[in-house]
Every structure is written in C-alpha cells, then in structure tokens.
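The basis for the numbers below is simple: all heavy atoms, side chains too, and nothing from hydrogens, waters or symmetry mates. Predicted model only: the values in this text are computed from it and were never measured.
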Amino acid sequence: MTINVLIVEDEVNLARFLQLEFEHEEYRVTVAHEGRKGLDLALQGAWDVIILDIMLPDISGLEVCRRIRAESQVPIIMLTARDTVPDRVGGLDAGADDYLVKPFAIEELFARIRALMRRRREESSPEDIVTVRSCTLYAEQRRLVCNDQEVKLTAREFDLLSYLMHNRDRVLNRQTILEKVWGFDYTGDTNVVDVYIRYLRHKLSEAGVQDLIETVRGVGYVIRQNTHAD
C-alpha cells in the first residue's frame with residue numbers, strides 16, 4: 001500500500017532530506033515550505049500522515065495543525081526545535097498525534113509513522129458501534145457522540161478511547177495501552193498515556209461526561225459499562 005505523506009517544513013535542506021528518505025522507502029511525498037501552502041494542500045488532499053514543522057514563516061505550525069484538525073482526523077506528527085514542556089503540550093493541544101524534537105533519527109520518524117498506520121489498519125474489536133453510558137463510538141466513521149453532541153478527537157485520542165471502550169470493564173495497564181495504541185516500537189515515556197487521558201477527560205467533561213475513564217491506582221485505567229461496577 002502506498003503511503004501518501006505531506007511534509008510542511010521551511011528548512012529546505014531538511015525537507016529535501018526527508019523527501020529523499022521517504023521516496024527511498026516508496027512513500028508518495030509532497031512538500032510545502034510555507035504554512036499557508038501546507039494548509040491548503042492538507043485540506044485538499046487525501047493524506048495518510050502529515051509531517052508538520054512548528055516554526056513556519058507565515059502561519060505557525062500550531063495554527064496550521066488547529067485548522068487541519070477542525071476538518072480532518074489525518075495523523076499529524078509535529079517537528080520542533082524546542083523540547084520544553086510548554087512546546088510539547090502546545091503541539092498536542094493543537095491536535096498533533098505525536099511530535100519529534102530536532103535533530104532526530106530518521107529511523108525513529110519511520111517508527112512513529114508505522115505505529116500511526118498500524119493503529120489505522122487494526123481494529124481492537126470487530127464491533128463497529130460501542131455504547132458506554134452516554135457515549136457512543138462509531139469505529140468505522142471514527143466519530144464519538146456523547147449526550148447527543150459530537151466530540152472532536154485527534155486520531156490518537158480516538159484510538160486510545162476506542163481501545164478503552166472496546167475493552168470496557170477490563171483494567172488496562174499503561175504498558176499494554178502503549179503497545180496496543182502507540183505500537184510495540186514506540187520509544188517514548190509511558191506518561192504519554194496519562195497526558196492523553198487528561199486530554200480525553202477534558203473533552204468528555206466539556207460534553208457533560210464525568211468519570212467515564214477511571215484511574216486504578218498503581219495499575220492503569222478502565223472504562224466501566226455501569227457506574228455501580230466499582
């Protein structure tokens with residue numbers, strides 16, 4: 001299967017390097033060096049993954065990410081030259097599914113992409129529609145509806161919630177969640193699970209859903225079908 005990649009990167013040499021590496025692996029690649037052009041391409045094309053730099057000359061990568069996410073759930077990996085917590089949180093809050101700090105190893109970027117693609121291909125369960133309390137998840141359409149309103153999720157948030165809902169009433173530890181949602185070759189910290197759980201809880205809370213995702217201290221997380229099943 002050909003993977004269509006959009007690279008939005010203003011560093012010409014880096015963009016060219018990435019393009020050559022992707023094409024060597026038989027990916028189909030399109031490159032944009034400006035945020036506005038990248039945004040137009042992102043919204044017009046059918047992409048499997050977008051590689052998006054944060055520091056762009058016209059529109060910031062964060063704003064580009066927000067605008068893409070308002071219309072598409074395409075996986076987005078952000079590139080940043082800064083490794084501070086606010087920078088990382090800013091990218092994730094904007095809707096990115098993952099991020100890499102420059103300089104990075106090309107092998108790690110490929111591993112992150114493989115993990116995202118695997119999550120797209122694999123289903124944790126054959127169930128297409130799962131309802132837990134006031135929330136219904138439509139796996140094939142990649143939609144979540146809670147209290148009769150649609151909840152907008154990033155691709156990673158959707159995959160995480162889908163895994164938890166498909167495995168409702170099972171207490172899942174962080175390592176298992178990482179392997180199933182991020183992939184066996186994920187090399188980051190396990191606390192990324194906690195970060196995404198916080199994002200999900202915030203979005204669910206905005207939809208009037210409280211305590212859907214329960215923390216099991218010292219173990220991990222669980223979604224219970226019924227609130228009295230504690």
Rounded to the nearest 0.5 Å, what separates atom [atom1] in [X] from atom [atom2] in [Y]?
X      : Y      : atom1 : atom2 : answer
Asp93  : Leu62  : CG    : CG    : 9.5 Å
Arg114 : Leu109 : CZ    : CG    : 10.0 Å
Asp148 : Ser134 : CG    : OG    : 9.0 Å
Arg16  : Glu21  : CZ    : CD    : 11.5 Å

Give the minimum heavy-atom separation between [X] and [Y], together with the two atoms involved.
X     : Y     : result
Gly38 : Leu6  : O-CD2, 3.7 Å
Asp48 : Pro75 : O-CD, 3.4 Å
Pro57 : Glu34 : CG-CG, 4.4 Å

pair [X]-[Y]: side-chain heavy atoms closer than 4.5 Å:
X      : Y      : answer
Phe158 : Tyr163 : no
Thr136 : Val130 : no
Trp182 : Arg156 : yes
Phe22  : Ile3   : no
Gln210 : Ser205 : yes

Side chains of [X] and [Y] only: does a donor on one sit below 3.5 Å from an acceptor on the other?
X      : Y      : value
Asn167 : Arg170 : yes
Tyr221 : Asp194 : yes
Thr176 : Asn173 : yes

Please name the residue in the list [options] that meets the side chain to side chain contact (heavy atoms under 4.5 Å, CB included) test with [X].
X      : options                   : value
Arg36  : Leu56, Leu41, Ile59       : Ile59
Asp53  : Leu14, Asp10, Val8, Thr80 : Asp10
Leu200 : Leu160, Val151, Thr154    : Leu160

Query raised in the report: What do the steps show when you test Asp97 against Arg69 for salt bridge (charged side-chain N to carboxylate O under 4.0 Å, His left out), and what is the final call?
Result: CA-CA 10 Å; Asp97 299 284; Arg69 192 55 75 220; 3.1 Å; yes
Query raised in the report: Does the salt bridge (charged side-chain N to carboxylate O under 4.0 Å, His left out) test come out yes or no for Glu9 and Lys102, once each step is laid out?
Result: CA-CA 12 Å; Glu9 169 61 65; Lys102 301 176 183 177; 3.1 Å; yes
